[in-house]
Structures are given as structure tokens and as C-alpha cells.
2 protein chains.
Amino acid sequence: MVTGRAASPPTQANAEDPIVFVIDDDASVRDALSNLFRSVGLRTVTFGSAHEFLQHKPADVPSCLILDIRLPRLSGLDFQAELAKAGIHIPIIFMTGHGDIPMTVRAMKAGAVDFLTKPFRDQDMLDAVTTAIDRDRSRRDEAKVLANLRGAFATLTPRERQVMTLVTAGLMNKQVAAEIGVAEITVKIHRGQIMRKMAAKSLPDLVRMAEILGIGRASGGAQT
Amino acid sequence: MVTGRAASPPTQANAEDPIVFVIDDDASVRDALSNLFRSVGLRTVTFGSAHEFLQHKPADVPSCLILDIRLPRLSGLDFQAELAKAGIHIPIIFMTGHGDIPMTVRAMKAGAVDFLTKPFRDQDMLDAVTTAIDRDRSRRDEAKVLANLRGAFATLTPRERQVMTLVTAGLMNKQVAAEIGVAEITVKIHRGQIMRKMAAKSLPDLVRMAEILGIGRASGGAQT
DNA sequence: GTTGCGACTAAACCTAAGTATGGTCCTCCC
DNA sequence: GGGAGGACCATACTTAGGTTTAGTCGCAAC
């Protein structure tokens, strides 16, 4: 994508490049990881505590978080739960010097990408980061599509939403009309408006949008 | 759900009831788990080795597998990998007396439901089993729907499949006709045949089927 | 009070979808 | 060589989908 990249100085960060965040109270660990990631060209930002991380404005690029289980105030696991509750879904890689199996299980159940015991091989960490970044990239792509669809859906009037639900459920215009008690022509006009507002190029297109938006669940469809 | 259950003798198994499989080389562990599960009304079948389990014909009901990490010949983790490779997707709950974190991570990454360290509380095991059975039930339901759809799709002729792909992608009959080089009327006839064979009640219905079948990926749709 | 908008509708019109009926051509298989 | 089935097409017809134009009604904001 970026041409003439070889000429760029290594410190010049591209706004599209992924970022690795590291939280550890041990400065030597932070530096070691920072060097490791920079050596493979990854932007890295380190923090001494979970609190500092939260102060930092969330980056709008694929990223992941390296977390020590044992953090200054909050445990890494509790911090993971906090982030989830706050709707922050950054992939997490745990490190630990003295973790146990229940901790590991809890972290993995909560969606952690990996759980590395110190000392770990650099390559294991790099592999985990690659997986985590890929996962975040996919998640962000999906979130973006969903946000756009929700934005379009929000421009629909209540009636249009209702019509969209029934139309994508497979009802004919006349059936929709009977269902909501209006004339068929009215449904047609709503329907045209829906297609324009949702920027749907065809009915199948609209149906797929409805699926992504989770519209019309709890009514018969493609089951057997 | 089941009425008049109290009158049934505990040994009378309903063919729809879930089953818990236990593999452990220690007979006392097998008995203890068997008693635990039976005490809550769960059908339980135990095995002394992975080999014995494989001899047993797979049950066609929601089930899960309790596995000791340390098995006679094969390790529990390797057995998990074997099952996955063989396409057997039964949810697994691991038990261990002397496991470590890398084992735990590997098991969880491979989809294990839980990883319990001995001694564990009965309630933890029961909770894990409940989760596992629920997971298997969902998976089986989805697999059943998918199998039915695939079965219907298999009855389509190559031409019909092609038309279905293009129609569910949102092309009009005349566009499909131009695309494959036939008359519009021919497309209409194929289309009618498709609706009958797939038992689709409407175009949105067919579109959802196509989605589940993964048809027509790699062409523009509901993106922004 | 009038402007804007959502919801509704009619009439007229056009295109798309779907269903017979009837038929050709080809290929594979018994 | 006769039958089955897939693919194809024409004619004729019906129903469904969709747009344009034009207009009513009610309500909330300015």
C-alpha cells in the first residue's frame, strides 16, 4: 500500500499500522518487549499500570494488549473483566511468572488470545501478537460494517423499520399491507424509501443487511 | 420438561436424554464421577481408555466428554486433536492432577469447555457439564439444519446451482440470463425449480439458505 | 400560522417475476 | 433403440414489484 517504504525512517509511524500495548509494572520487562516488537517493525506503547492505559485515548487501529497477570492495583484478570464490561474488546495476551491453571482457564474463557509463562520464547510472543492483531482487525472490520448498517437503519422511520422487518421475512407487499392495516401502495412506497435509505441494491442485499442487524428473529425462516 | 418423571425408575433412560462420557484409567474416579452425574439424573458411560471410547458407537444425543489429561497411551491433548481431525466435535472437559499452564492453554485454544484441577468441587464439574451439553445441543441443532440444506442443495442440477448463486446475489432474471447466456424464460423456469427443491417459501428465505450454505462469497453484497 | 415531515392513499403506468403448455436437442443408460 | 432427465426456448397470461404525480391529514417546531 505505501510505496517507497524502504526509505522511511523506522520511527515514522503510519497511522494505519497496528499498535501493541504493554502493561507491566517492571520497566525492564516493558523495555524488553518494546525492543522485541520494534525489532519486527511493530509500533509499541507501554504503560506501568492499567490506570495509565485507560488514560491513553484508544487508538483507532488494529491493536492488542500484553498484560501481566499481577498488576499493581488490579489483577490482570479483573482488568480483563473491566475492559469487557466497558465494551473495550481489545485482544489480550497474558504473561505470568507465577500463574496457575484456574487463572489460565478464566482468562482463556474470557477470550484471551494466549497465556504465556515467563520466561517465554520471543517467537511465541510474536506469534501470539500476530494472532491477536489479526483477530482485532477482523473484529474492527465487522464492527465497522455493523456501525454503518446501524447508522442507515437509524434513518428509517418507525413505519419503515416495521415494513423492512416484514419484507425481509418474506411477506409479499399485500401481506405486509394486511398485517399493518394499510394499502398495498403505501407498502410499496415505504419499501422504495427503505431501499434508498439503506442503499440496498436488491432485495437479497436488504435481506443480508437485516440478518446482520438481527432483524426479525423469532419468526420462521430457513429452518427445516 | 418431562412430566411424571419422579415415577420413572432411575435406570430407565430416555433416548433423548444427554449422555456424559468419562474416560479415566482410574476405576475409582470413573465410579465417583458416574455417581455424581447419576445423582443429578444424567446418563453416564465410562471408559478406561481412549481406545474403548472410540469402539463405542457415537450416540446421537447431546453429549460431552470428561477426559483426564494423563491417559494410558495417548495424552488427553493428543486425543482431543485426534477427535478434531476425525471430525468428532464433542465438547471436552479436562481433568488433571498435575497439569501445567501450557497444557491448559493448548486445551482451551482447541475449544475445551473447561480444565479442572483435581481435586475439584462437584459443582464446578456439574456446571462445566451443563455448559458442555448446552454447547453440544446448539452445535447439533445447527449441524442438522446445515445437513438438511446441503441435502436439498445436492438435489439441484449444476445449472440450478449456478442460477441460485446469481439470483441470491441479487441479479435480476434478465441479468442472470445474460450472465450465463440463456433466455430469460429459462432462468425463470430454473428459478421455480430451485424454490421447489429447496422448499423456500420466498426469495428472502432462499437468500438465508444461501447464506448458511456459504454460497456466492466473494461478490459485493451488504458492505459499505 | 405556516412550514416540514411522517403516514397515508389513488390513478396510471411500466417492469419483473412466475406459471402453464408444448416442444427441441442431447446424453447417458439399460 | 427407447426412455429418462437435463437444458433449452417460444407463446401466452397472471401476479407482484416499483415509480411518478398528486393530494389529504395530523402533529410538532419555529
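In what follows, chains are A, B, ... by sequence order, proteins preceding strands, each numbered from 1. Everything numeric in this text was worked out from a predicted model, so none of it was measured.
- With B:Gln175 contributing its side chain and B:Met172 its backbone, the two residues share a donor-acceptor pair below 3.5 Å.
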Inset, instruction - Sugar-phosphate means primed atoms, P, OP1 and OP2; the rest is base. With that split, encode nucleotides 21-30 of chain C 5' to 3' as B, S or - using protein heavy atoms under 4.0 Å. - result: ----------
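- A:Phe21 and A:His56 have perpendicular rings, their planes meeting at more than 60° on a 0 to 90° scale where under 30° would count as parallel.
- Remark: B:His190 NE2 to B:Lys197 NZ distance equals 10.0 Å, nearest 0.5 Å.
- Side-chain atoms of B:Glu160 come within 3.5 Å of backbone N or O of B:Thr157 as a donor-acceptor pair.
- Panel note: side chain B:Asp205, backbone B:Lys201; a donor-acceptor pair is recorded below 3.5 Å.
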Restricting to nitrogen or oxygen on both sides, can you table the protein-nucleotides 4-7 of chain C pairs closer than 3.5 Å?
from	atom 1	to	atom 2	distance (Å)
C:dA7	OP1	A:Arg159	N	3.4
C:dA7	OP2	A:Thr157	OG1	2.2

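- For the helix from C:dG1-D:dC30 to C:dC30-D:dG1, the end axes, each set by the C1' atoms of five terminal pairs, are bent relative to each other by 40° (nearest 10°).
- Proximity of a side-chain donor or acceptor of B:Thr44 to a complementary backbone N or O of B:Leu42 within less than 3.5 Å is detected.
- Contact footprint of chain A on DNA chain D: nucleotides with an atom under 4.0 Å from a non-hydrogen protein atom, first to last in 5' to 3' order, D:dA16 to D:dT19.
- Side-chain N or O atoms of A:Arg137 include none that pairs as donor or acceptor with a backbone N or O of A:Pro62 at under 3.5 Å.
- Between the CD1 atom of A:Ile133 and the CG atom of A:Asp17 there is a distance of 10.0 Å, given to the nearest 0.5 Å.
- Taking CZ from A:Phe37 and CG from A:Leu33, the interatomic distance works out to 5.0 Å, rounded to the nearest 0.5 Å.
- Between the side chain of B:Thr131 and the backbone N or O of B:Asp127, at least one donor-acceptor pair lies under 3.5 Å.
- Side-chain N or O atoms of B:Arg161 include one that pairs as donor or acceptor with a backbone N or O of B:Leu156 at under 3.5 Å.
- Without hydrogens or angle criteria, A:Arg140 side chain to A:Val61 main chain gives a donor-acceptor distance under 3.5 Å.
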Could you go through residues 74-87 of chain A and list every donor-acceptor pair under 3.5 Å that involves a side-chain atom there, pairing it with any protein atom two or more places apart or in another chain?
from	atom 1	to	atom 2	distance (Å)
A:Ser75	OG	A:Leu77	N	3.2
A:Ser75	OG	A:Asp78	N	3.1
A:Asp78	OD1	A:Arg106	NH2	3.0
A:Gln80	NE2	A:Ala107	O	3.2

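- A donor-acceptor pair under 3.5 Å links the side-chain atoms of B:Asp136 to the main chain of B:Ser63, judged by distance alone.
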What's touching nucleotides 14-17 of chain C from the protein side, N or O pairs under 3.5 Å?
from	atom 1	to	atom 2	distance (Å)
C:dA16	OP1	B:Lys174	NZ	3.0
C:dA16	OP2	B:Lys174	NZ	2.7
C:dA17	OP2	B:Asn173	N	3.1
C:dA17	N7	B:Lys188	NZ	3.0

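- Within 6.0 Å of CZ on B:Arg38 lie more than 12 heavy atoms contributed by other residues, nucleotides or ligands.
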